[in-house]
Every structure is written in C-alpha cells, then in structure tokens.
There are 2 protein chains.
Amino acid sequence: MSKSAGDPAATGGTGGEPKLSRASVQRFSLYLRLLERWSQEGLTVVSSSQLGEALAVNDAQVRKDLAYLGSLGQPGIGYYTRELITALRHRLGVDRTWSAIVVGAGNLSRALLRYRGFAEQGFQFTALFDADPQKIGQVVEGLPVQSPAKIPEILAATKAELAVLAVPAESAQHVADMLVAAGIRGILNFAPVMLKLPAHVSLIAVDLAVQLEQLAFLVHLSQQE
Amino acid sequence: MSKSAGDPAATGGTGGEPKLSRASVQRFSLYLRLLERWSQEGLTVVSSSQLGEALAVNDAQVRKDLAYLGSLGQPGIGYYTRELITALRHRLGVDRTWSAIVVGAGNLSRALLRYRGFAEQGFQFTALFDADPQKIGQVVEGLPVQSPAKIPEILAATKAELAVLAVPAESAQHVADMLVAAGIRGILNFAPVMLKLPAHVSLIAVDLAVQLEQLAFLVHLSQQE
DNA sequence: GGATGTGAACGACTTCACAGCG
DNA sequence: CGCTGTGAAGTCGTTCACATCC
C-alpha cells in the first residue's frame with residue numbers, strides 16, 4: 001500500500017534508458033539492508049541466487065534489478081558487496097543525510113523516534129509537533145513538542161525535506177496542506193486517509209489497520225479450503 | 001511490501017473462476033473503509049467513478065474489483081452502499097471477530113493497542129507478551145505483559161489466530177517460530193527481517209525503515225530533474 | 001441518459017533460457 | 001565450469017471501449 005504522487009508527462013525522452021521498473025525500487029531497500037548485514041558478517045562476494053533466496057525473489061529478477069546500477073557483477077564470481085552497497089546507497093539517495101520532522105506526538109511517533117535504524121541510514125528527526133496544548137513543551141525522545149503553527153518557521157530553519165504524519169485521520173489533510181505550504185518534499189503518512197497532494201510532493205502511505213485486515217483476509221482465505 | 005506465505009501447486013482447477021486479482025485484494029480494505037465513512041454520512045448509492053476518484057483508481061478497475069463480489073451494481077444507478085459493505089465485510093472475513101495477540105511491549109505495540117479503529121473492525125487484542133523481565137506484570141493499555149513462555153498456553157486458551165510481532169530484529173525469527181509452534185495462523189511482522197514461515201501461516205510484513213527510505217528515494221528522484 | 005460488466009488491447013513485471021565472460 | 005547480463009516469452013494487472021440494462 002503505497003502510492004507516489006503523480007508522474008504525468010513523463011516518458012519524455014526518446015527511450016533507450018536502462019528502464020527502472022517501478023517495482024524493483026521496492027526491492028532496493030531490501031537488498032541494501034541485507035547486504036549491509038552480510039557485509040558486516042564478513043561476506044565480500046554475493047551471488048544473485050543468494051540474494052534471491054534470502055528475499056524470496058527470482059535470481060534473474062535480482063540480476064535485472066542490480067543491472068540497473070551498472071554492470072557491477074563479475075561473471076563466474078558474483079557481486080562485491082562493498083561495491084553493491086555503495087552503488088545502492090547512491091541510487092537510493094541515502095548516501096547523504098535526510099532531515100525529517102514528525103507531526104503527532106503519540107506512541108507511533110515515539111516508536112519511530114526511538115528506532116535507531118533510521119540514524120544509521122542517514123535519517124535525522126529534527127523537530128516534533130503536536131496540536132495538543134497539553135503536550136507542547138514536553139520533551140519526547142529528546143525533541144521538544146512544538147505547536148504546528150511553528151511548522152513554516154522550523155521547516156525553513158532546518159531545511160527538513162521529509163515529514164512523518166502520525167496524527168488522527170480528521171486532521172491529517174489539514175496538516176498535510178500546512179506541510180506542503182511550508183515547502184515539504186515528501187510525506188510518510190500513517191493516518192488512515194488518502195491525502196491529496198500536489199504532484200511535486202512525494203507520498204508513501206502506511207495504513208496499519210489495512211495491514212491487519214489484509215492479514216485476516218489471507219487467513220480467512222486459507223481457511224476456506 | 002508484503003508477501004503471503006507460498007501458494008504453490010495452486011491453479012489446480014480447470015479454470016473458470018471469476019478471477020481474484022492478488023492486487024484487487026489490496027484495495028478491498030480501502031473500499032470498505034471509504035464506504036463505511038460515506039455510509040455514515042448518509043450516502044446510500046455510490047458509483048464506480050466516485051470510488052475511483054477518491055482512491056485514485058481507474059473506474060473500470062473499481063468495477064472489476066467489485067464484480068468479484070457478485071453483480072451488485074445497478075446499471076444506470078450505481079451500487080447500494082449497505083449492500084457493498086456487507087459483501088466486502090463478508091469477502092474480507094471481517095464480518096466476525098478476530099482475536100490477536102501482540103508480542104513486544106514497546107511504543108509501537110502501545111500505538112496499536114490504543115488505536116480504536118481495530119475494535120470497530122472486529123479485531124480484539126487479547127494478550128501482550130514481552131521477554132523483558134522488567135516489563136512483565138506491567139499493564140499496558142489494559143493488558144498485562146506476560147512472558148513469551150506463556151504463549152502456547154495463552155494461545156490455546158484464547159484461540160487467537162493472529163499475532164502482531166513488534167520485537168527487535170534479533171529475536172523476531174525465534175518468536176515467530178514459537179508462535180507457529182503454538183498454532184498461530186497469521187503474523188503481522190514489524191521487525192526488519194524476512195521471516196521464514198511454513199506455508200500454512202500467512203504473513204504481512206511492514207518495515208517502517210524501508211518505507212522512509214522509499215520516500216527519500218522518491219524525493220531523490222524528483223530532485224534529479 | 002447514465003452506470004454497470006466485460007472482452008480485448010495494452011502495459012508492467014517476472015521468469016525462462018541462453019550467450020558470453022572470467 | 002559458474003555466474004552475470006539480457007532478449008524473448010510468459011504472466012499478471014490495468015485501461016479502453018462498448019454492449020447492455022435500468
């Protein structure tokens with residue numbers, strides 16, 4: 001469940017690009033994480049079938065995906081993990097630091113702020129907002145809770161490009177509009193609503209209730225036989 | 001990002017089924033939520049294009065999806081919301097109560113336990129586990145934290161079929177194995193690892209770090225032009 | 001008229017299969 | 001040899017277009 005903001009009038013070029021399948025992007029993060037773990041465990045060379053098996057992906061698919069990074073593979077050998085990691089980081093854009101703000105100071109935000117994996121990947125949470133006057137001024141995981149009214153100001157100051165939206169469904173669109181107006185570039189939305197955003201703002205939506213429902217449905221299906 | 005446990009040797013029948021696209025299932029939950037909201041607002045009839053517009057889905061796609069529920073549509077009119085809702089609930093398996101347990105008593109679990117949308121959809125969280133001795137005995141959102149050693153016992157008693165896994169990556173596979181041994185039917189995994197599960201246990205994986213990375217990548221891409 | 005249901009065209013993604021290289 | 005890179009084939013999902021029905 002995730003949808004990027006539009007991509008109209010693309011395919012402008014006369015074609016000939018190596019083709020970046022929209023779906024392979026979904027797997028890049030998984031390759032990267034796995035490679036980082038394996039690399040730390042001392043693995044220096046890896047084959048497409050090893051990667052494929054670990055991630056439940058066809059090995060040809062893995063090669064197609066990785067080919068998009070350039071011809072890094074060594075026939076008869078495999079891929080050098082270090083090289084792959086560097087190339088993946090670059091392609092994914094995580095070879096730099098991303099600054100992100102969090103709106104909504106509930107348990108979900110707390111969980112996100114606490115998770116150390118983000119910092120390792122170059123993500124920094126630089127500000128936390130909540131509309132609840134009771135919460136403003138409190139410090140959560142090292143960040144003071146601030147009024148959403150300050151979003152424009154803070155966003156201008158921190159140059160944060162990403163925002164995590166973990167507010168009630170009712171206020172999600174309103175807050176999103178504020179973020180857009182303040183110049184945000186991408187929103188990770190946890191509120192159970194379909195946000196309407198201009199095309200230049202990217203969107204990933206994660207709806208936890210939907211996920212649980214999907215799981216129930218899978219079980220439901222498997223029980224019907 | 002989600003993958004059901006295998007589905008080998010399927011396609012046994014001689015074909016002829018109305019065809020349930022794996023992807024349309026992803027949308028069923030969204031239709032359902034939207035319809036429930038609109039229905040409460042007094043809407044009694046809805047057209048495929050209305051639904052499509054609200055969810056950014058082609059109207060023909062919506063009709064194809066809904067056709068799988070039977071021929072509920074009224075040519076020239078649309079669909080009766082009540083009928084659609086009932087049919088969707090039945091098809092999704094949420095026209096009954098699902099009992100679920102939660103393993104890992106961190107902030108993410110807290111957020112899930114607190115979210116009221118689950119109860120409305122018939123999901124009940126009946127037990128909470130954590131390996132941290134410090135936490136055992138505490139009461140979180142109304143549920144006492146129990147030792148994972150009690151999983152088999154409690155699972156047998158509560159007949160819970162679903163489990164939410166919100167534990168550190170290191171222990172995720174171990175806990176998953178325990179859950180499987182105890183007879184769980186489906187797992188919603190938040191730990192950043194690829195779980196290996198037997199085919200009869202369904203799996204939905206939500207990796208928050210991957211989602212943020214995907215968002216960064218989308219922004220990264222949009223900035224390259 | 002207005003909306004459904006659906007075959008057919010289209011496009012995207014995946015898998016196969018194999019040439020080619022170290 | 002083993003493993004990559006990739007055209008070709010196959011599968012799946014989406015969109016189009018239109019007959020059909022209220």
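Lettering follows sequence order; numbering is per chain, from 1.
When rounded to the nearest whole Å, the span between CD of B:E83 and C1' of C:dT4 equals 14 Å. Summarising the geometry, the separation between CG on B:D65 and C1' on D:dG13 is reported as 10 Å, rounded to the nearest angstrom. Note: CD (B:Q26) to P (D:dC12) measures 16 Å, nearest angstrom. Taking atom CG on B:L69 and atom P on C:dT4, their separation rounds to 14 Å, with Å as the unit. One interatomic measurement links the two molecules: CG of B:D59 to P of D:dT14, which rounds to 14 Å at whole-angstrom precision. One interatomic measurement links the two molecules: CG of B:L72 to P of C:dT6, which rounds to 12 Å at whole-angstrom precision.
Contacts of B:S71 with the nucleic acid, taken as non-hydrogen atoms under 4.0 Å apart, involve only primed sugar atoms and P, OP1 or OP2. Contact annotation for A:A60: base contact, defined as any heavy-atom pair under 4.0 Å involving a base atom. Heavy atoms of A:G73 sit under 4.0 angstrom from primed sugar atoms or phosphate atoms, though from no base atom.
The side chain of B:Y79 approaches C:dT4 more closely than any other nucleotide in the set D:dG2, C:dC18, C:dT4. The A:N58 side chain lies nearest to C:dC16 when the options are C:dC16, D:dG5, D:dT15. Residue A:R27 has its side chain nearest to C:dT14 when only C:dT4, C:dT14, D:dT14 are considered. Considering only the side chain of A:R22, C:dC13 comes nearest among C:dG5, D:dG5, C:dC13. Comparing C:dG20, D:dT6, D:dC16 against the side chain of A:A67 picks out D:dT6 as the nearest. Checking D:dT14, C:dC13, C:dG5 against every side-chain atom of B:S21, the shortest atom distance belongs to D:dT14.
At the phosphate of D:dT14, OP1 or OP2 sits under 4.0 Å from a side-chain N or O atom of B:Q61. Within the structure, every side-chain polar atom (N or O) of A:Y68 is placed at least 4.0 Å from both OP1 and OP2 of C:dC13. Regarding contacts with the backbone of C:dT4, a side-chain N or O of B:S48 is found under 4.0 angstrom from either OP1 or OP2. Dashed line: the shortest gap from a side-chain N or O of B:R63 to OP1 or OP2 of C:dG5 is not under 4.0 Å.
Judged by distance alone, with hydrogens and angles left aside, the side-chain atoms of B:S202 form no donor-acceptor pair with the main-chain N or O of A:L215 at under 3.5 Å. Side-chain N or O atoms of B:N189 include one that pairs as donor or acceptor with a backbone N or O of B:V193 at under 3.5 Å. With A:S39 contributing its side chain and A:T81 its backbone, the two residues share no donor-acceptor pair below 3.5 Å.
Place B:S49 and A:I77 on DNA chain C by their nearest nucleotides, and B:S49 ends up nearer the 5' end.
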Check against side chain to side chain donor-acceptor pair (under 3.5 Å), B:S99 and B:T158: CA-CA 8 Å; B:S99 172; B:T158 63; 4.6 Å; no
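Side-chain contact between B:L34 and B:W38 is present, with heavy atoms from C-beta onward closer than 4.5 Å.
For A:K64 against D:dT4, no side-chain N or O and base N or O form a donor-acceptor pair under 3.5 Å.
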